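So the structure is just underneath, and the comments pick up after that.
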Amino acid sequence: MAAAAFTSLAAVTMTSCSDKVERVNPFIAGYDTGYGIPPFEQIQYADYLPAFEAGIAQAQADIDSIVADPEAPTFENTILAMDRSGEILERVSLVFGALAESNSGPEMDSIAAEAMPMVSRFSDAMMMNDGLFRRVKSLYDNRDSVNYTVAQRRAIEQTYKKFTRSGALLDSAGKAELTRLNLRLTDLYLKFNRNLLEATNAFEIEVENEDELAGIPANVVAKAAETAKARGKEGKWVFTLHAPSRLPVLQFADNRDLRRRMYRGYTSLASSGATDNRPVINDILHARSAKARLLGFDDFASYCTDAVMAGTPAAAEELIMKVWPAARQRVTEEVADMQAIVDGEGGGFRIEPWDYYYYAEKVRKAKYDLDENELRPYFAVDSVRKGIFTLAGKLYGVTFTELPDAPKYHPDVRVYDVKDSLGNHVAVFMTDYFPRDSKRQGAWMSIFREAYRADDGTEVRPIVYNVGNFTSPTADTPSLLNIDEVHTMFHEFGHGLHGMMTRAQYKCQAGTNVDRDFVELPSQMNEHFAFEPELLREYARHYQTGELIPDDLVAKLNAASTHNAGFDLVERLGASWLDLQYGHLNPAEGDTIDVDAFEAGVGVALGMPAEVQYRYRSPYFKHIFGSNEYASGYYTYLWAEVLDTDAYEKFMENGIFDPATADAFLTNVLEMGGSDDPMVMYERFRGHKPTPDALMRHYGLK
């Protein structure tokens with residue numbers, strides 16, 4: 001599409017008494033841009049709150065209209081009408097949610113403090129609306145007497161469950177109490193996230209002596225020098241807790257004290273002073289426990305797992321325990337290999353957690369003759385981006401064309417037009433890959449517009465984005481990714497494909513609107529392709545010479561694919577177990593939970609190795625305390641890994657680019673979204689139920 005199509009035409013009105021142009025809020029007016037991309041350059045801070053207010057008013061009017069409909073409830077006049085309601089609120093919520101995570105600041109924090117309680121109150125009022133619930137319940141109670149499609153029946157059942165889990169069956173006093181608890185949790189999540197971002201940005205390690213930098217890759221050192229200069233400390237080096245700075249120090253710094261300082265800084269994040277998140281966690285646990293019991297559940301873990309594939313906390317815990325012994329044993333072996341190197345070098349110390357990354361790298365070099373620094377030049381960020389696009393083309397027949405003049409919310413963002421093999425528009429895809437102080441840590445995928453099928457049969461296509469915190473480019477070197485970052489780009493792109501390729505008819509079932517413990521299947525399955533030799537030949541070229549990655553280096557890379565598997569699994573399994581144990585807590589009013597003691601006690605009972613800590617300590621475990629999203633659900637990464645390792649074996653059996661296998665995954669998983677039961681969709685693709693066997697084979701575990 002021509003560049004001019006992406007110049008947003010500002011909606012304006014003229015006052016009757018002058019030539020003054022009155023600006024119209026873009027969220028309220030709607031977007032007049034190519035493919036409906038939000039006109040980011042026009043959006044001002046002052047637009048958000050009025051848009052939230054107008055959006056809530058519009059959404060409430062839509063709900064009132066559904067309730068007042070004199071016709072008997074039907075799928076169309078109730079479920080579908082709800083699915084299409086609240087356009088303004090949807091627009092502003094999606095943009096604000098994205099920018100609050102990636103372009104945060106005092107202004108966004110202030111808006112969130114006002115807007116999020118408004119949205120929470122509206123959401124509660126809608127889900128506790130007796131008239132609306134009566135219509136939903138009527139459809140649910142009579143669902144066997146109507147010939148619904150599979151997607152319609154599932155939408156009715158899921159909507160009914162959502163209402164009951166949101167308090168529709170409570171009496172008026174119970175509804176008032178649930179509303180209070182939800183508002184309380186909204187405020188606490190905002191506080192937790194604000195503390196975490198401020199604590200992350202406040203920490204730095206300043207290095208004055210260049211000798212202390214021995215072993216750290218040159219591009220990381222150069223970036224540390226740039227950071228120091230930007231902070232008024234030219235001639236020094238500054239390292240931060242952002243992953244592209246933190247992890248290379250832990251992995252490569254010869255200076256053990258520097259590694260220790262970095263590790264201690266990270267594991268004590270948001271644990272002191274004004275940004276201490278432990279009191280916030282206490283308040284969250286009390287509110288969650290009260291909410292779960294109010295809704296009739298034994299505890300918060302039971303409440304969370306009731307709505308997903310696992311069904312119960314016990315099912316999730318059983319899966320963890322099937323894998324834990326073998327993972328724990330592998331850590332013992334890994335530590336022994338590392339300790340042998342320490343002893344051989346005359347180190348005179350025992351392996352500590354801040355040594356694990358460093359000596360694991362030495363073991364990889366000794367066992368496989370593989371140095372990760374040899375690999376980085378072949379994985380410039382643009383090369384890896386070519387890799388994910390090439391993979392999508394080979395599997396699903398889509399192409400990605402950059403739209404340089406499309407609206408962007410930050411200069412780092414790149415925007416692409418995604419088309420199928422016939423040239424039809426499939427989606428808009430955006431990438432935002434580099435860290436900044438206004439962006440939270442981690443990587444994620446989300447949308448700026450949901451897909452659905454309009455009443456006239458036309459398909460409204462999605463706008464999907466990926467966010468990361470990858471190694472930044474320097475003045476003379478592009479962004480060169482490490483193995484973990486390559487995996488992360490493929491992972492988030494898998495989520496992106498789930499969002500882009502959807503053909504679900506309803507918004508509530510489109511893309512990643514699936515059970516929480518199914519949503520990681522496409523993302524984790526996509527990771528398996530990252531270092532396949534057939535794909536590496538398509539994208540892994542040296543950023544300076546253009547040389548294709550050598551076959552012997554590929555062989556080493558894949559031979560070392562299960563290196564450090566014990567560490568990786570134990571970190572994640574431990575965090576998953578800790579999360580579920582938090583979900584079992586029912587603290588009495590007035591009780592104070594000693595977060596550090598509880599966390600340590602769970603580790604002792606589980607048998608966490610002394611050399612490995614949880615992937616996230618509680619004060620910065622954003623997955624479970626920054627929102628409800630993964631609370632009592634961090635185990636879902638493992639649950640989905642059982643699915644993805646089994647699924648990928650079908651690709652390996654038939655050829656990784658086999659058209660029939662790719663089409664089966666596309667039609668039974670990616671396109672379906674949440675239109676059917678996830679296990680039914682999986683079995684249609686794979687032909688059998690999954691077991692942990694493929695996962696154990698993938699990690700080389702007994």
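As the structure is a computational prediction, the values presented were derived from the model and not from experiment.
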Is there a donor in the side chain of Y263 and an acceptor in the side chain of D355, or the other way round, less than 3.5 Å apart? no
Assess the side chains of Q613 and T267: does a donor N or O sit below 3.5 Å from an acceptor N or O?
no
Fill in: E210 atom CD, neighbour heavy-atom count above 12 within 6.0 Å
no
Are side-chain heavy atoms of Y409 and F448 found at a separation under 4.5 Å? yes
Side chains of Y35 and D417 only: does a donor on one sit below 3.5 Å from an acceptor on the other?
yes
When H410, R436, K439 are each screened for side-chain hydrogen bond (donor to acceptor under 3.5 Å, both in side chains) with N103, the one that passes is R436
Practice problem: Examine the side chains of E520 and H495 and answer whether a donor and an acceptor come within less than 3.5 Å of each other. | Solution: yes
In V554, L375, L536, I549, the residue satisfying side chain to side chain contact (heavy atoms under 4.5 Å, CB included) with F531 is L536
What I want to check is whether the side chains of Y358 and D254 have a donor and an acceptor closer together than 3.5 Å. yes
**Message:** Keeping N466 on the side-chain end and E492 on the backbone end, is there a donor-acceptor pair under 3.5 Å?
**Reply:** yes
Ring centroid separation Y614 to F621 under 6.0 Å: no
Any donor-acceptor pair under 3.5 Å linking the side-chain atoms of N564 with those of D568? no
**Prompt:** Side chains of T661 and N654: donor-acceptor distance under 3.5 Å anywhere?
**Reply:** yes
Distance-only donor-acceptor check, side chains H698 and E649, under 3.5 Å: no
Proximity of Y266 and Y620 rings by center, below 6.0 Å:
yes
Is the cationic atom of R516 (NZ for Lys, CZ for Arg) positioned less than 6.0 Å from the six-membered ring centroid of Y630 and within 45 degrees of its normal? yes
Donor + acceptor pair across side chains of Q524, Y648 (<3.5 Å):
no
Determine whether a donor-acceptor pair (N or O, by modelled atom type, separation under 3.5 Å) exists between the side chain of R385 and the backbone of M489.
no
### Message
Looking only at side-chain N and O atoms, does E361 offer a donor or acceptor that is under 3.5 Å from a partner on Q251?
### Response
yes
Next on the checklist: Is it the case that over 12 heavy atoms from other parts of the model lie below 6.0 angstrom from the CD atom of E234?
Outcome noted: no
Assess R572 against Y637: is NZ or CZ under 6.0 Å from the centre of the six-membered ring, and within 45 degrees of the ring's axis? no
